[in-house]
Amino acid sequence: MAKILVTGGTGYIGSHTVVELQKEGYEVVVIDNLSNSNIEVLNGIEKITGIRPAFENIDCVDYVSLDRTFEKHINIDAVIHFAASKAVGESVEKPLLYYRNNLVSLINLLQLMPIHKIKKLVFSSSCTVYGQPDVLPVTEEAPIKPALSPYGNTKQISEEIIRDTVHANPCFQGIILRYFNPIGAHASAEIGELPNGVPNNLLPFVTQTAMGLRDELKVFGDDYDTPDGSCIRDYIHVVDLAKAHVVSVKRMLDKKSGQQLETFNLGTGLGLSVLEIIRNFERVNNVKVPYKIVGRREGDIEKVWADPSRANNVLGWKAAETIDETLRSAWAWEKHLKEIKSS
Ligand code: UD1
């Protein structure tokens, strides 16, 4: 079976992808510098699949260590590159850190892959590249809008770096996946999102508030041009997202694509508002989420949801989990975290 290198494999989306790869029989090598994750995630992966992936604690910004890793783990067939910094606010405060972490790591990988005869890359991009789209649902053909943060800019520049590299190397192949809003956790509750400190994203804030770890959730704005005034996003179960990576890798390894570079939206196609998420979460989990409406958050997009038809038709992938199941899994994971902390 093919061997896949997963950078950022102990992170939120990375760890769920490692599980799905292993379930499909792939051998996985994980690289992570553990800057925003925990080594114990490997235990969670092992509990689910019975297999502990090979692990290297290295930073992809470190060219020499990355080179050594490729020398040690020979015959890698494809790379899935998750490792990146992802906090939008932090990127505004520390832009150079973000440009360095997110761009140098990608450049190192793209330089080293051909040296080690690896020609296939799956890259984690984001719907952030669309900014506020003019037409909804948004397709992959929508124009790329000026980035609102250094983080968003690193995703746009990364896509360009990959495009130019593929163009210059006819034997190189890449798939760019533009994620909408990943939420939820593995059904076993053995792995999930592990936010460092105060969460930035909505769902960890919702679960922590429901658990009583935070007094109340701040809803950023109720005066948007949406039915209930709060922002709309396309929330996708992280396991559905993970499965799309497996399909993407398989597509390249099976030589199903005649194209060198393909880009896919990974979303459900369903837009939900912040208030709808809160209400659904309360209903399916039978818990209260105290919240208060506050002012808009700077840089927020009003509404965005995916047209996932290209991924549905070309990859043969479709988001399968319901929002109810997804919100249940997020709550089960928060409860699991509480058990771990109290034991
Ligand atoms: C953000 C980034 C996006 C990035 C993603 C990474 C922006 C503009 N976008 O997406 O580029 O890929 O994180 O995960 O920052 N909300 C609240 N209260 C909270 C937290 C969030 O009301 O405490 C609202 C936000 O206003 C937004 C929605 O919940 O409407 C989702 O927010 P979030 O989870 O942070 O994701 P995005 O902002 O969509």
Side-chain angles (χ1 to χ4, degrees), residues 6-9 11-21 36-37 80-88 91 102 106 121-133 136-140 142 144-145 147-149 151-159 162 174-186 191-193 195 199-204 231-249 262-272 277 300-301 303-312 314-315 317-321 323 326 329-330:
V6 180
T7 76
Y12 177 40
I13 308 172
S15 57
H16 288 82
T17 301
V18 171
V19 165
E20 296 307 314
L21 285 166
N36 193 22
S37 62
I80 306 181
H81 182 41
F82 292 105
S85 301
K86 63 171 185 181
V88 176
S91 81
N102 294 3
L106 175 66
L121 175 79
V122 177
F123 179 70
S124 301
S125 190
S126 164
C127 68
T128 194
V129 301
Y130 300 121
Q132 176 59 65
L136 289 167
V138 62
T139 71
E140 293 84 353
I144 302 299
K145 295 274 178 76
L148 292 173
S149 69
Y151 160 79
N153 210 16
T154 66
K155 291 297 175 192
Q156 294 191 4
I157 297 170
S158 294
E159 287 200 6
I162 293 170
I175 291 187
I176 291 172
L177 300 176
R178 292 181 180 154
Y179 311 151
F180 283 68
N181 288 55
I183 60 167
H186 192 265
I191 54 172
E193 193 167 5
N200 294 303
N201 297 114
L202 179 62
L203 253 289
C231 293
I232 295 179
R233 296 287 185 276
D234 183 334
Y235 294 92
I236 174 166
H237 196 301
V238 66
V239 172
D240 275 333
L241 200 66
K243 286 178 179 165
H245 294 75
V246 182
V247 176
S248 299
V249 160
E262 293 175 298
T263 303
F264 297 101
N265 281 344
L266 296 183
T268 65
L270 175 75
L272 287 172
I277 286 288
D300 258 340
I301 301 302
K303 50 192 165 198
V304 62
W305 62 94
D307 178 343
S309 342
R310 187 189 281 176
N312 298 166
V314 178
L315 286 180
W317 166 92
K318 200 172 192 313
E321 299 287 349
I323 188 66
T326 309
S329 74

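Just so it is clear, the values below take in all heavy atoms, side chains as well, and ignore hydrogens, waters and symmetry mates. Everything numeric here is computed off the predicted structure, so don't read it as measured data.
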Taking the side chain from [X] and the backbone from [Y], do they hold a donor-acceptor pair closer than 3.5 Å?
X    : Y    : result
K303 : Q132 : no
S125 : L177 : no
H16  : H186 : yes
D240 : E321 : yes
N312 : W317 : yes
N102 : K155 : no
Q156 : K145 : yes

Which pair of heavy atoms, one from [X] and one from [Y], lies closest together, and at what distance?
X    : Y    : value
P308 : G267 : CB-O, 3.4 Å
N181 : C127 : OD1-SG, 4.5 Å
V238 : G184 : CG1-O, 3.5 Å
S91  : S149 : OG-CB, 3.8 Å
G192 : A185 : CA-CB, 3.8 Å
L241 : P182 : CD2-CB, 3.6 Å

Side-chain touch [X]/[Y], heavy atoms, less than 4.5 angstrom:
X    : Y    : answer
I301 : C231 : no
F180 : L270 : no
K243 : L315 : no

Legend entry - Salt bridge present between E159 and R178 (N-O < 4.0 angstrom):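 Yes.
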Inset, instruction - Say whether D307 and T139, considering side chains only, have a donor N or O and an acceptor N or O under 3.5 Å apart. - result: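 Their side chains do not contain a donor-acceptor pair, so the 3.5 Å distance test is not met.
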Legend entry - From CA spacing to verdict: side chain to side chain contact (heavy atoms under 4.5 Å, CB included), I323, I277: CA-CA 9 Å; I323 188 66; I277 286 288; 4.1 Å; yes
Inset, instruction - Apply side chain to side chain contact (heavy atoms under 4.5 Å, CB included) to the pair R233 and L202, showing each step before the final yes or no. - result: CA-CA 11 Å; R233 296 287 185 276; L202 179 62; over 6 Å; no
Inset, instruction - Decide yes or no on side chain to side chain contact (heavy atoms under 4.5 Å, CB included) for V88 and N200, but give the supporting numbers first. - result: CA-CA 8 Å; V88 176; N200 294 303; over 6 Å; no
Legend entry - Candidate list Y130, Y179, W305, test side-chain hydrogen bond (donor to acceptor under 3.5 Å, both in side chains), partner N265, passing option: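 Option passing the side-chain hydrogen bond (donor to acceptor under 3.5 Å, both in side chains) with N265: Y130.
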Inset, instruction - Could you walk me through whether V6 and F82 pass side chain to side chain contact (heavy atoms under 4.5 Å, CB included), step by step? - result: CA-CA 7 Å; V6 180; F82 292 105; 3.6 Å; yes
In Å, rounded to the nearest 0.5 Å, how long is the span from [atom1] of [X] to [atom2] of [Y]?
X    : Y    : atom1 : atom2 : answer
K318 : S309 : NZ    : OG    : 9.0 Å
L266 : S126 : CG    : OG    : 11.0 Å
I175 : I162 : CD1   : CD1   : 11.5 Å

